[in-house]
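In listed order, ligands and their atoms are each counted from 1.
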Amino acid sequence: MTSFSDLGLIEPLLRALTAEGYAAPTPIQVQAIPPLLLGRDMLGIAQTGTGKTAAFALPILQRLAANRIKAAPRCPRVLVLSPTRELAVQIAEGFSTYGKHLGFKRAVIYGGVGQGPQVSAMNAGPDILVATPGRLLDLMNQRHVNLQHVEVLVLDEADRMLDMGFIRDVKVVVSKIGAARQTLMFSATMPEAVMSLAKGILKDYERIEVTPPSTTVERIEQRVMFVARDDKRRLLTELLSDKSVTRALVFTRTKHAANRVAEQLIKSGVSADAIHGNKSQNARQRSLSDFKAGKARVLVATDIAARGIDVDGISHVINYELPVDPGSYVHRIGRTARAGACGAAISFCDADEVDDLRAIERNMRQTITVDTTHAFHAAHIATRSERSGSSRPSGRPNGGQRPPQGNRNGRGGRGGSGGGGGRPWENRSRAA
Ligand code: AMP
C-alpha cells in the first residue's frame with residue numbers, strides 16, 4: 001500500500017499527518033500529490049469527504065516550503081476559492097493542520113462579517129489566502145488584496161461555485177492572476193459549464209477522477225418513509241429516540257422550517273440547533289462547532305447553509321423535507337458516510353413530495369427502499385408512489401438496518417485505488 005512518504009512528502013508534513021492519525025493516503029491523495037508536487041495543473045473530479053483538501057494542501061505547502069519567499073502585504077502566494085464561508089474556514093483549517101511545522105501565514109476572507117480583521121490579516125502578508133469570490137472581489141476593489149504574485153490558484157467545488165452564480169466573479173478574479181501559475185480545479189460533477197471554465201483556465205492539465213458520488217452513495221443505507229405532513233414531527237422524535245442516531249443532520253427546505261423543527265426538538269428534550277442563511281456568521285460558526293463537539297446531537301439545516309459542512313461522524317442524514325432540486329439529495333446524504341465510514345439517510349416523503357422523490361430516483365438511476373415499519377407509515381402515499389412508478393417497498397421486518405442488496409457492493413472495485421471495501425483510511429485512529 002502506498003504511504004505518504006512514498007508520495008515524496010517532506011518530513012514536517014509527514015509529522016503533521018502522523019499527529020492527525022492518518023495511516024495512509026486516500027485514493028485522491030495517491031493520484032493528486034505526485035503530479036501536483038511537479039507543478040502540474042489539475043482537474044479533479046471528487047467530492048468532499050474523499051480527502052480532497054489534503055490532496056491539494058499538502059503539495060502546495062511543500063512547494064511553498066521549497067521556495068521560501070516572504071509574502072508581501074496583501075499579496076498572497078496561494079489563492080483558494082471556495083463557494084461558501086464554511087468550506088473556506090475548513091480549508092484554511094486544513095492548511096493550518098497540515099502545515100503546522102512549516103510556519104506559513106494564512107488569511108480567510110468571506111462575506112457576512114466585518115471586513116476589518118480580514119483587512120488586517122491581508123496587511124500581515126499571508127502566504128495562503130482562502131476566500132469566497134464575492135467578498136474577495138470587494139476587497140480587491142478596495143486594494144486590500146493584490147493577486148499579482150499568486151503562484152497557485154485552486155478552485156474548489158467549482159460546480160457549486162457556478163450553481164451559486166459566482167461564474168462572473170470567478171472569471172474576474174482569475175483574470176487578475178498572471179498566467180505563470182499552477183491552477184487546480186476540483187468539482188464533484190462535471191457539467192458543461194464547469195468543463196468550459198476548466199478549458200479556459202487550466203493548461204496541459206492532469207485529470208483525475210476518484211470516488212464518484214455513487215461510490216459514496218453505495219456506502220449509505222438509504223430509506224424513504226411515507227408519512228403525512230402532520231406526522232413528520234412525531235416521526236422525527238421517534239427516530240431520534242433510537243440511541244444509534246448519534247449525530248444527525250436534518251434537512252428542511254426553508255429557514256423558517258429549520259427553526260421550527262429545531263425548536264420542537266429542543267422542547268421534546270433533544271439537543272438541537274438550526275443553521276441557515278438568516279443567522280449571523282458567528283452564530284453559524286457557533287452552531288457548527290457545538291455540533292462538531294457533540295453539544296448538539298441534531299443540526300437542522302437548509303441546503304445552502306449545509307454547503308461545505310464537513311463534520312465527521314454524522315450517523316444519520318434525515319430529509320425532513322425532500323429537496324426540490326434532485327441533485328441536492330446526493331449532496332445532502334453525502335454528509336454522512338465520510339472518510340470511508342458507513343451512514344444512513346432517511347427521507348420523509350409526504351403526499352406533496354412524491355414527484356420530488358421520483359425525480360431524485362431518476363437522477364440517481366436508483367430506487368430508494370421504502371421503510372414501512374415505522375408507526376406513521378402512510379399507506380395511501382406509498383400506493384400513490386407505486387402507481388407513479390416510484391420506490392419499491394422493502395418488506396424488511398426491522399425498519400431495515402441493511403442497505404438494499406447490490407447497493408453496497410454493486411459497482412465497487414474502481415481500478416485499484418478507488419475500490420469498495422478496505423478503504424485505506426478506514427483504520428484511522430481518531431482522538432475524539
Ligand atoms: P475532505 O475530502 O478534504 O473534506 O476530507 C474528508 C475527511 O477525511 C476530513 O475529515 C479529513 O480530516 C479526513 N482525511 C483526509 N485525508 C485522510 C487520510 N489520509 N486518512 C484519514 N483521514 C483523512
Peer 1: Heavy atoms only, cut-off 4.0 Å: how does Phe4 contact ligand 1, side chain, backbone, both, or neither?
Peer 2: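 It is the side chain that gets close, since no backbone atom is under 4.0 Å.
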Peer 1: Is it the case that over 12 heavy atoms from other parts of the model lie below 6.0 angstrom from the NZ atom of Lys176?
Peer 2: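 Counting other residues, nucleotides and ligands, NZ of Lys176 stays at 12 neighbours or fewer.
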Peer 1: Just do the salt bridge (Lys or Arg N to Asp or Glu O under 4.0 Å) check on Glu11 and Arg15 with the steps written out, would you?
Peer 2: CA-CA 6 Å; Glu11 190 276 335; Arg15 222 177 338 137; 2.8 Å; yes
Peer 1: Decide if atom CZ of Arg143 counts as having more than 12 heavy atoms of other residues, nucleotides or ligands within a radius under 6.0 Å.
Peer 2: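 It does not: Arg143 CZ has 12 such atoms or fewer within range.
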Peer 1: Please compare Ala54, Ala23, Ala57, Ala24 and report which has the shortest non-hydrogen distance to atom 19 (N) of ligand 1.
Peer 2: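 When every heavy atom of Ala54, Ala23, Ala57, Ala24 is considered, Ala24 comes closest to atom 19 (N) of ligand 1.
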Peer 1: Under 3.5 Å, N or O to N or O, is Tyr98 touching ligand 1 that way?
Peer 2: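 No, Tyr98 has no N/O under 3.5 Å of an N/O on ligand 1.
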Peer 1: With sequence neighbours excluded, what pairs up with Arg233 under the salt bridge (charged side-chain N to carboxylate O under 4.0 Å, His left out) test?
Peer 2: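 For Arg233 there are no salt bridge (charged side-chain N to carboxylate O under 4.0 Å, His left out) partners, ignoring immediate neighbours.
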Peer 1: So if I count the atoms of ligand 1 from 1 in the order they appear, which ones are less than 4.0 Å from some heavy atom of Thr50?
Peer 2: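 This gives 2 (O) as the contact atoms.
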Peer 1: Check side-chain contact (heavy atoms from CB on, under 4.5 Å) between Asp41 and all other residues, then give those that pass, not counting sequence neighbours.
Peer 2: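 Asp41 satisfies side-chain contact (heavy atoms from CB on, under 4.5 Å) with Gln182, Thr183, Leu202, Lys203, Tyr205 only.
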Peer 1: For ligand 1, indicate whether the residue Glu20 contacts it via side chain, backbone, both or neither (heavy-atom separation under 4.0 Å).
Peer 2: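 For Glu20, no heavy atom sits under 4.0 Å from ligand 1.
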